[in-house]
2 protein chains.
Amino acid sequence: MPWDTARTRERLLEAGSRQFAATGFAGTSVADIGRDSGVNKERLYAYFGSKREFFDHVLAYRLDGLLDDLDVPGTGPEAVGAWAGLLWDRYVADPDIARLLAWEGLELDGPAAAAHRTSACAEVTRRLQDVLPTADEQAARHLLLSVITLVTGAWTLSGLAALVTPADDRNDRRAATVRHAVVLARAVQTP
Amino acid sequence: MPWDTARTRERLLEAGSRQFAATGFAGTSVADIGRDSGVNKERLYAYFGSKREFFDHVLAYRLDGLLDDLDVPGTGPEAVGAWAGLLWDRYVADPDIARLLAWEGLELDGPAAAAHRTSACAEVTRRLQDVLPTADEQAARHLLLSVITLVTGAWTLSGLAALVTPADDRNDRRAATVRHAVVLARAVQTP
DNA sequence: CTAGGGTCCAACCGATCAGTTGGTATATGG
DNA sequence: CCATATACCAACTGATCGGTTGGACCCTAG
């Protein structure tokens, strides 16, 4: 049976993603990751140096590229709403991503893989300006930040929804979030 | 020297608030709380039972009542923006609150002290309907949830702001958040 | 074929974890 | 003034933490 070191690395990163998303950096033990991955934890130190460096690798592995293949479909404010819906559905398909974003914000000083992610955000900002021709860059950036915050917050500040909208389910909130994204986009378009 | 058990309890809760806000439930040790409070950690078990129960007490101690003395000043959509600014300024005065909200969402299944906080949110919802007469309850609830999410997210998803609006500071984002709250309120008022 | 380096793992290390215990100091009821 | 209950703390316990080590196994260069 031949070795597949790339696969071993990947199994560690996948298990790390699951465990860190569930219980955060401090709440996850290296032994947990070894158990979940089926890989001896010593490999983690050989490949990634330390638990902390491994955390950075996991965040980069899962968060870098999050926005890259997320297109803004169509034009006008409705396209921004649709984009918010796409981001929401990505979290539905993989809820770990939203939680990793939240742990990153709480447990780290700054974002991981900042260089590429910053330019990816700038890219989406430009697309928003295409879609909303009268929007200046500053306004488009804050629009983007608010939309990402609304969508991500629905997954990471989940207790708030239970308090404020106790009768509603996820889909109700999805619809409201898309609607709010459209409203914010419309306001940017016509100042 | 007489005893002051209420004060001892309070010192534990204050230290727990600081420590849990900084590093979360899993990232805080009971010894940290003992050190920070100047109280022997055995007292924590005597008063609160376990680390986990103590965490619930700390969350209730700091989060219950958060919205109680936060008035919606004036009328119309601008009042909602002003309310968002008041909430923001409360986080400025005490950033621990925003972080505790985030840890609660990530590390707990549901909100602490749910009963009173739910009714406090319903209260604010009613105030929003006073201020925006044409808003139905459902819309007012989602407006409130979005505003709280935007303000709280600015403190807990702080890495996002560094990526999306790297040139801006806190006050720029405060202004944008207030503006967005007004826009959302205006849309609710005139559907 | 074999020497040497990389892959992998069980077992181990000191430190730290949540939680407890035994004992002392302080209050209070009679 | 004494008995008892409570507040308090230093020191302890077994378990688990992040990280390391010694050696077995596998692959490739010469």
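Letters go in sequence order (proteins before strands), and every chain restarts at 1. The structure displayed is predicted, hence computed values, not measured ones.
Between the side chains of B:T5 and B:Y47, no donor N or O sits under 3.5 Å from an acceptor N or O. A:R173 and B:S146 share a side-chain donor-acceptor pair at under 3.5 Å. Inspection of the B:Y61 and B:E14 side chains reveals an N or O donor paired with an N or O acceptor under 3.5 Å. Side chains of B:D168 and A:Q138: a donor-acceptor N/O pair is present below 3.5 angstrom, by distance only.
Scanning for salt bridge (Lys or Arg N to Asp or Glu O under 4.0 Å) contacts around A:R170 gives an empty result, with sequence neighbours left out.
B:F48 has its CZ atom 16 Å from the P atom of C:dA18, to the nearest Å. Following rounding to the nearest Å, A:F20 (CZ) and D:dG18 (C1') show an atom-to-atom distance of 12 Å. A:Q19 has its CD atom 11 Å from the P atom of D:dC17, to the nearest Å. For the pair A:R9 CZ and C:dC8 C1', the interatomic distance rounds to 16 Å; values are reported in whole Å. When the P atom of C:dA11 is taken as reference, atom OH of A:Y45 falls 19 Å away, rounded to whole Å. Computed from coordinates, the B:I33 CD1 to C:dT16 P distance equals 17 Å when rounded to whole Å. One can place CG of A:L12 at 13 Å from C1' of C:dC9, the figure rounded to the nearest angstrom. Across the protein-nucleic acid pair, B:K51 atom NZ and C:dC17 atom C1' stand 8 Å apart, rounded to whole Å.
When each of B:V188, B:I148, B:T125 is checked for a side chain to side chain contact (heavy atoms under 4.5 Å, CB included) with B:L143, only B:V188 meets the rule.
A close approach under 4.0 Å does not occur between any side-chain nitrogen or oxygen of A:S29 and OP1 or OP2 of D:dT16.
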Under 4.0 Å protein heavy-atom contact, by nucleotide of nucleotides 6-13 of chain D - B base, S sugar-phosphate only = BBBBB---

